[in-house]
Amino acid sequence: MGKARISTLWLSGCSGCHMSLLDLDEALVELLSGKVEIVKSPPLTDVKEHTPVDVGIVEGAVATEEDEEELRKFRDNCKILVAIGDCACFGGITSYRNLFDKDEVLSRVFVETESVVDGKVPASRYVPKILDKVKAVGHIVKVEAHIPGCPPSPRALLYALKELLEGRIPILPSDMASFE
Amino acid sequence: MDREVETEMGGMRSASSGGGEREIRIPVTRIEGHGKVTIVLDRDGNVADARFHVVQIRGFEKFCEGRLLWEMPVITSRICGICPVSHSLASAKACDAALGAEIPSPAKKLRLLLHMGQVIQSHALSLFYLSLPDLLLGFDYEVEKRNIVGLLESKPELAKRGVGLRKFGQEVIEALAGRRVHPTFAIPGGVNGALSQEKRDKLMAQIDGVIESAKSTVELVKDICMRQDDRIPIKMYNMGLIGRNGELELYDGELRIKDPRGNVVEDGFNPSDYLMIIGERVEDWSYLKFPYYRWAGFPKGSLRVGPLGRLNVADGIPTPLADGEFREFKGVGENGIVDGTMFYHYARAIEMLHAAEKAKELLQDDEICSKEIWAEAKEIRNSEGIGVIEAPRGTLIHHYWVNGDGTIRKANLIVATVFNNMGMNLAIREVASKRIRGGRFDEGILNRVEHAIRCFDPCLSCSTHAIGQMPLSIQIISEDGEVLGEIRRD
Ligand code: SF4
């Protein structure tokens with residue numbers, strides 16, 4: 001059997017879930033030199049195109065139009081989609097902004113904050129539109145597996161990867177699921 | 001070929017300003033988060049403008065309103081998964097200030113140790129995972145392999161050193177906080193747990209090896225930086241915290257700012273008064289704001305922070321090996337200022353060595369296992385709390401306005417990557433205009449443009465966090481911004 005091809009996607013999150021993946025340390029080095037090939041992963045590789053892969057791993061919630069577009073393209077290119085972390089699974093910390101009106105949030109950040117001088121909300125074509133409400137990945141596309149946690153522990157991620165390599169959809173044992 | 005902020009930034013042009021201009025857009029990878037670069041070419045195919053866009057905002061400044069003070073370190077550490085420790089520390093310091101709490105000495109030492117763990121892991125990540133693949137394998141190396149995996153294949157010993165350094169830093173964090181990412185350790189008034197003797201011994205057993213690795217990393221990175229034909233020089237203001245004797249300081253201390261020529265323009269400035277000297281501008285094309293030194297105005301007063309900014313303002317480093325390296329480093333510049341953006345890597349490696357030495361010092365101190373880790377704090381004594389530290393990427397400010405019942409009324413955050421926003425924009429412009437002539441460029445050249453950004457080690461999750469992975473394309477646009485044609489690279 002050839003190597004399993006994996007890509008990762010980074011939507012609106014904090015990168016903590018990707019860091020947890022890197023925290024596999026030697027186990028990651030071993031996976032990469034053996035059974036797994038990382039194809040496209042923004043923090044790790046320079047591949048810029050979406051390419052078909054076996055497994056897609058997504059971190060972060062859907063907060064802008066571009067997030068949504070990227071996620072759909074990503075979904076079209078992977079056989080199995082795994083949502084990692086609370087942001088991707090449920091919206092997580094990113095969805096805290098749903099407690100407020102979107103325009104209130106933008107105006108606080110870009111106009112009202114005490115250090116801003118002559119502020120305005122950026123609105124040129126160079127910045128994507130912010131969605132009214134932040135959504136979980138599963139609200140937009142079909143997701144085969146959820147690995148919650150903020151972030152999921154490296155142990156949980158390794159378990160999930162190994163299950164996937166065995167051809168099974170991972171379901172976390174209760175001692176690995178963390179909802180902090 | 002130095003670029004002066006004052007002359008260059010006035011000329012920032014709108015991408016759609018001239019007829020017949022073309023745009024090259026690059027989604028930036030191998031940084032923490034992803035941003036986009038747009039390069040605008042004039043009719044002759046030379047660079048008219050280059051910009052780094054950050055295209056996401058999460059709105060922490062808003063949704064912290066109404067939360068409880070004690071939640072703040074937990075919530076704000078979620079700003080970033082790479083330097084959650086920095087946010088939790090700045091946040092805890094802001095909370096201490098609101099509580100009027102003086103934390104006990106062991107608690108401070110434990111926070112410092114946590115911080116050193118984080119500096120080691122974060123600098124190791126930046127150097128080995130993100131930047132050395134370019135510098136060691138080459139800017140033109142195969143795209144698929146120009147990364148840590150490629151480095152593992154071609155230079156396994158070296159790559160493993162990087163994995164090991166990052167791992168040690170994360171282990172320090174784990175030993176103190178029980179987990180590596182988003183540790184709940186620094187809390188208002190102290191820290192959340194003492195260090196056990198057993199864990200202390202375990203870290204001690206590794207520390208000399210870590211210092212050794214950090215030392216050889218300095219040698220390696222110094223050598224690479226000195227050999228770069230393009231050091232990407234940029235004249236800017238520099239800022240960082242310094243200790244009482246002008247030495248490098250990462251956790252406490254006071255702000256020092258030097259102008260582009262190396263003159264000290266602010267010294268011993270109380271960071272709690274930051275609003276007097278720092279302003280932020282907003283540009284329409286990025287969700288990342290542009291902080292600047294108020295007395296110099298915008299854009300002239302744009303500040304450089306992080307390893308290079310810090311070493312530029314400091315007079316010394318308070319640990320011996322790193323200090324020796326620091327003296328040599330200073331020799332590269334003039335008036336104590338090293339201008340080459342490439343030397344961020346060199347400065348970063350020296351700081352990693354310092355963090356390792358400092359971690360050893362802290363581990364050797366018996367107080368590190370003390371159980372005296374909380375201050376007595378019963379009420380909100382001050383209606384404002386400001387916490388400022390030097391995060392791996394530079395000065396980080398958390399400012400909270402607190403109600404008497406302990407809820408947050410307002411919050412303002414200025415993070416390191418935001419300070420460096422203008423620096424990144426100037427650096428890509430410098431590289432792009434030097435390398436792209438007559439409309440000709442290749443993948444390697446564009447990678448050099450991206451590398452200019454990697455030098456700053458921007459953390460886009462921190463600053464807002466970017467998205468958007470557009471394939472590289474050159475857009476030909478008309479005066480009103482209409483796309484007339486597009487060339488894509490596959
Ligand atoms: S789930 Fe937690 S660790 Fe993962 S991206 Fe969201 S905030 Fe970061």
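Labels below follow one simple rule: chain letters A, B, ... track the order of the sequence lines, proteins then strands, and each chain is numbered from 1. Computed from a predicted structure; not experimentally measured. Hydrogens, waters and symmetry mates play no part in the numbers below; they use all other heavy atoms, side chains included.
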| Is it the side chain or the backbone of B:Y292 that comes within 4.5 Å of chain A heavy atoms, both, or neither? | side chain
| query | Picking from B:H399, B:R294, B:E153, which has the most non-hydrogen pairs under 4.5 angstrom with chain A? | reply | B:R294
| remark: When the 4.5 angstrom heavy-atom criterion is applied to A:Y96 and chain B, the contacting part is both
| Criterion salt bridge (charged side-chain N to carboxylate O under 4.0 Å, His left out) on B:K62 and B:E65, from CA distance to verdict | CA-CA 6 Å; B:K62 186 68 190 178; B:E65 288 174 11; 3.2 Å; yes
| Hey, mind stepping through B:R454 and B:D134 against salt bridge (charged side-chain N to carboxylate O under 4.0 Å, His left out) and telling me if it holds? | CA-CA 10 Å; B:R454 284 180 204 122; B:D134 287 335; 2.6 Å; yes
| Hey, which of A:P154, A:P122, A:G60 has the most heavy atom pairs under 4.5 Å with chain B? | A:P122
| task | Let me know if B:L275 has heavy atoms under 4.5 Å from chain A in its side chain, its backbone, both or neither. | result | side chain
| remark: Heavy atoms of A:L11 and A:V58 approach each other most closely as CD1-CG2, 3.7 Å
| message | Heavy-atom pairs under 4.5 Å with chain A: which of B:A411, B:G150, B:G66 has the most? | response | B:A411
| What part of B:I414 is in contact with chain A, defined as an atom under 4.5 angstrom from a non-hydrogen atom: side chain, backbone, both or neither? | side chain
| query | Under a 4.5 Å heavy-atom cut-off, does chain A meet the side chain of B:F298, its backbone, both or neither? | reply | neither
| query | What part of A:E104 gets closer than 4.5 Å to chain B, counting heavy atoms only: side chain, backbone, both or neither? | reply | both
| request: Go through A:A61, A:S115, A:G92, A:G16 and name the one with the most non-hydrogen pairs under 4.5 angstrom from chain B. | output: A:S115
| request: Going by the side chain to side chain contact (heavy atoms under 4.5 Å, CB included) test, name the single residue among A:L165, A:D54, A:L161 that passes it with A:V36. | output: A:L165
| field | Side-chain heavy-atom pair B:V282, A:V117 within 4.5 angstrom cut-off | value | no
| Between B:C64 and B:I408, which heavy-atom pair has the shortest distance, and what is it? | O-CB, 3.5 Å
| remark: Tightest non-hydrogen contact, residues A:V134 and A:A63, listed as CG2-CB, 4.1 Å
| task | Please flag which part of A:I93 lies under 4.5 Å from any non-hydrogen atom of chain B: side chain, backbone, both or neither. | result | both
| task | Check side chain to side chain contact (heavy atoms under 4.5 Å, CB included) between A:V111 and all other residues, then give those that pass, not counting sequence neighbours. | result | A:V121
